Amino acid sequence: MKRYRPALTALFLALAGSAYAQQAAPTTGGALIGGVFDALGLRKRPTNEPDFVRESRPAQMDYVPLAPKPESHRKTAAELQSAGASLERAAAENRRRAARVKIPD
């Protein structure tokens, strides 16, 4: 296999060059590889969708977001102070509970 590697590389580059010359420069490496696959006939083209699929879809396919847009609400200084105090109380409670745990020897 090692002695065929240079010949296979040259063949690949020749085919890639011809596929590259057929169209504008690919923007990504994937586009280049796709062009090579097209030139070699290795890529399977998508088939037309069946009639029942085409008829069941609406004419206008609008994008529907799955999650609502987050509201941009800036917290006031008092809200931030309250949240900080709540976190400090929770941390103190966790430290108090951790102090009761006995570590086995």
Side-chain angles (χ1 to χ4, degrees):
M1 182 70 186
K2 288 186 179 182
R3 60 182 178 178
Y4 295 119
R5 188 173 291 169
L8 290 174
T9 303
L11 177 65
F12 176 79
L13 290 175
L15 292 174
S18 65
Y20 182 73
Q22 295 285 329
Q23 55 188 346
T27 56
T28 63
L32 175 66
I33 293 170
V36 170
F37 274 48
D38 285 339
L40 295 174
L42 297 175
R43 184 184 288 186
K44 181 180 177 186
R45 290 287 163 199
T47 59
N48 291 337
E49 54 202 19
D51 291 337
F52 71 91
V53 172
R54 203 173 316 112
E55 291 167 2
S56 66
R57 290 185 180 164
Q60 180 75 15
M61 301 257 308
D62 292 330
Y63 170 74
V64 178
L66 299 177
K69 291 183 181 178
E71 296 179 17
S72 59
H73 169 66
R74 297 187 70 157
K75 294 188 180 218
T76 63
E79 290 173 325
L80 292 174
Q81 293 268 339
S82 172
S86 173
L87 288 173
E88 286 297 327
R89 283 192 304 274
E93 176 66 19
N94 286 338
R95 284 191 293 272
R96 184 185 64 77
R97 287 181 182 174
R100 293 186 309 178
V101 175
K102 298 199 182 221
I103 301 172
D105 291 328

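Note that the structure is predicted; figures quoted are calculated from it, not measured. Below, all heavy atoms of this structure are taken into account, side chains as well, without hydrogens, waters or symmetry copies.
As a member of the Ile/Leu/Val/Met/Phe/Trp/Tyr network built from side-chain separations under 4.5 Å, V53 groups with F52.
With sequence neighbours excluded, the residues forming a side-chain hydrogen bond (donor to acceptor under 3.5 Å, both in side chains) with D51 are R54, listed by chain and number.
Residue pairs meeting the salt bridge (charged side-chain N to carboxylate O under 4.0 Å, His left out) criterion with at least one partner in residues 91-101, sequence neighbours excluded, are E93-R96, E93-R97.
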List, one per line, each side-chain donor-acceptor pair under 3.5 Å for residues 73-91, sequence neighbours excluded.
from	atom 1	to	atom 2	distance (Å)
T76	OG1	E79	N	3.3
E79	OE1	T76	N	2.9

